[in-house]
There are 2 protein chains.
Amino acid sequence: MHGHGNVPGMDAASEVGVDVRWSETLRTYHAVSNELEHELQAGHGLGLSDFELLKALCRCCAPDKGTVLMKDLEAEMYLSQSAFSRTVTRLEKAGFVERAACGFDRRSNFLAITDAGSERYLSAAETHRAVLDKHFG
Amino acid sequence: MHGHGNVPGMDAASEVGVDVRWSETLRTYHAVSNELEHELQAGHGLGLSDFELLKALCRCCAPDKGTVLMKDLEAEMYLSQSAFSRTVTRLEKAGFVERAACGFDRRSNFLAITDAGSERYLSAAETHRAVLDKHFG
DNA sequence: GCAACATAAATGCGCGCGCATGAGATGTCA
DNA sequence: TGACATCTCATGCGCGCGCATTTATGTTGC
């Protein structure tokens, strides 16, 4: 049953190790992301992708201007282009983010975080850190 | 900005460490699960949850009988009860799994893997291992 | 200048997920 | 026994996701 391969000895052991690493990743991911999702939603009205986008926006934008090109921000995230676009729409409707036209390329948009977005992110980040500390600390 | 807490010194460093562990989990999870999803779907017509259910079914059932109570199998998986139920329905329609009534509690169902399910799982497991080896090996 | 191709973002679509609820079977207790 | 809680599983519903396509621009080669 076990061992489809041709190299005997520590082959099976290393394969088991790979399995263990993956199943621990799965376990950790589901436990933490489920709790993050619930806590962020209940406490701050944010989904995990919403939070991650705000986090990346705070991290990537110039400290003075607070603005990034959407495509650059998208590259920082684990989301498809369409999911990213809709997350931006969601956050814009909530007033946490603003699209701004780019002067030299009218296909592109800048993205800026609003004051409300900044405040919401900062309070959500405390919840976020608390959950992470609980699981990893 | 950093450090909302009360213990100075290595506080900030440990918090960063927690962040890094979580973001690495996120990165690994997305990279591996996306590739697993694509490879399993393209090569064997199975989603990741389908595969994980077959895997748990092979692992949990008695070696001779090949059958488990649905609720027991559900407890082994990172799926809600409804998602689990629908995954079973999907796999049953595909002919990889069979529901069987439980004699002494008519609420319950046994779940059994079929020969076709076993074959499909075994070939998919090779793809699965290859992807895992590529990322972790 | 213009046709062909490339890029940024939005949108139509189907799918799998979780939550809430429903349907049916079983357990409990007066 | 009858009323009611509990358990197992299925289903209605809305949501966020990725894929494919569309729309609007830019860019390149002739």
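We use all heavy atoms of the structure for the numbers below, so side chains are in, but hydrogens, waters and symmetry mates are not. Chain letters run A, B, ... following the sequence lines, proteins first and then strands; every chain starts at 1.
- A distance of 11.5 Å separates CG of B:Leu46 from CG of B:Leu36, quoted to the nearest 0.5 Å.
- Atoms CD (B:Gln41) and C1' (D:dG18) sit 12 Å apart, rounded to a whole Å.
- Within the 4.0 angstrom heavy-atom criterion, only backbone atoms of the sugar-phosphate kind lie near B:Ser49; the bases stay farther away.
- A heavy-atom distance below 4.0 Å to DNA chain C is reached by these residues of residues 74-87 of chain A, ordered by number: A:Gln81, A:Ser82, A:Ser85, A:Arg86.
- Contact annotation for B:His30: no contact, since no heavy-atom pair falls under 4.0 Å across all strands.
- Distance A:Glu52 CD to D:dC17 P: 11 Å, rounded to the nearest Å.
- Nucleotide D:dC7 holds its P atom 16 Å from the CG atom of B:Leu69, rounded to whole Å.
- Taking atom CG of residue A:Asp72 and atom P of nucleotide C:dT7, one finds them 14 Å apart after rounding to whole Å.
- Contact detail for B:Ala112 and B:Leu57: the closest heavy-atom pair is C-CD2, 4.1 Å.
- B:Asn109 comes within 4.0 angstrom of sugar-phosphate atoms only, judged by non-hydrogen atoms across all strands, and of no base.
- Checked by atom type, the side-chain pair B:Thr114/B:Arg120 shows no donor-acceptor distance below 3.5 Å.
- Mapping A:Asn34 and A:Arg99 onto DNA chain C via the closest heavy atom, the residue that lands nearer the 5' end is A:Arg99.
- We find the CG-SG distance between A:Leu69 and A:Cys60 to be 11.0 Å, quoted to the nearest 0.5 Å.
- Between B:Gly117 and B:Leu54, the shortest heavy-atom distance links the atoms O-CD1, 4.3 Å.
- Look at A:His38 and you'll find a side-chain N or O under 4.0 angstrom from OP1 or OP2 of C:dC19.
- When the C1' atom of C:dA10 is taken as reference, atom NZ of A:Lys93 falls 12 Å away, rounded to whole Å.
- Linking ILVMFWY residues whenever their side-chain heavy atoms come closer than 4.5 Å, directly or via other members, leaves A:Leu73 and A:Phe110 in distinct clusters.
- Atom OH of A:Tyr29 and atom P of C:dC17 are 12 Å apart (whole Å).
- A:Leu91 places its CG atom 11 Å from the P atom of D:dG16, with the value rounded to the nearest Å.
- Judged as a ring pair (Phe, Tyr, Trp, His ring centres under 6.0 Å), the pairs with a partner in residues 26-52 of chain A (not counting sequence neighbours) are, in order, A:Tyr29-B:Tyr29, A:His30-B:Tyr78, A:Phe51-A:Tyr121, A:Phe51-A:His128.
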_side-chain hydrogen bond (donor to acceptor under 3.5 Å, both in side chains) for A:Arg86 and A:Thr89? Distances and angles first, verdict last._
CA-CA 5 Å; A:Arg86 287 181 162 114; A:Thr89 300; over 6 Å; no
Distances for protein N or O near nucleotides 22-28 of chain C N or O, under 3.5 Å:
unit_1, atom_1, unit_2, atom_2, d
C:dT26, OP1, B:Arg106, N, 3.2

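- Note: CG (A:Leu36) to P (D:dG16) measures 17 Å, nearest angstrom.
- B:Ala101 approaches B:Asn109 most closely through the heavy-atom pair CA-ND2, 3.7 Å.
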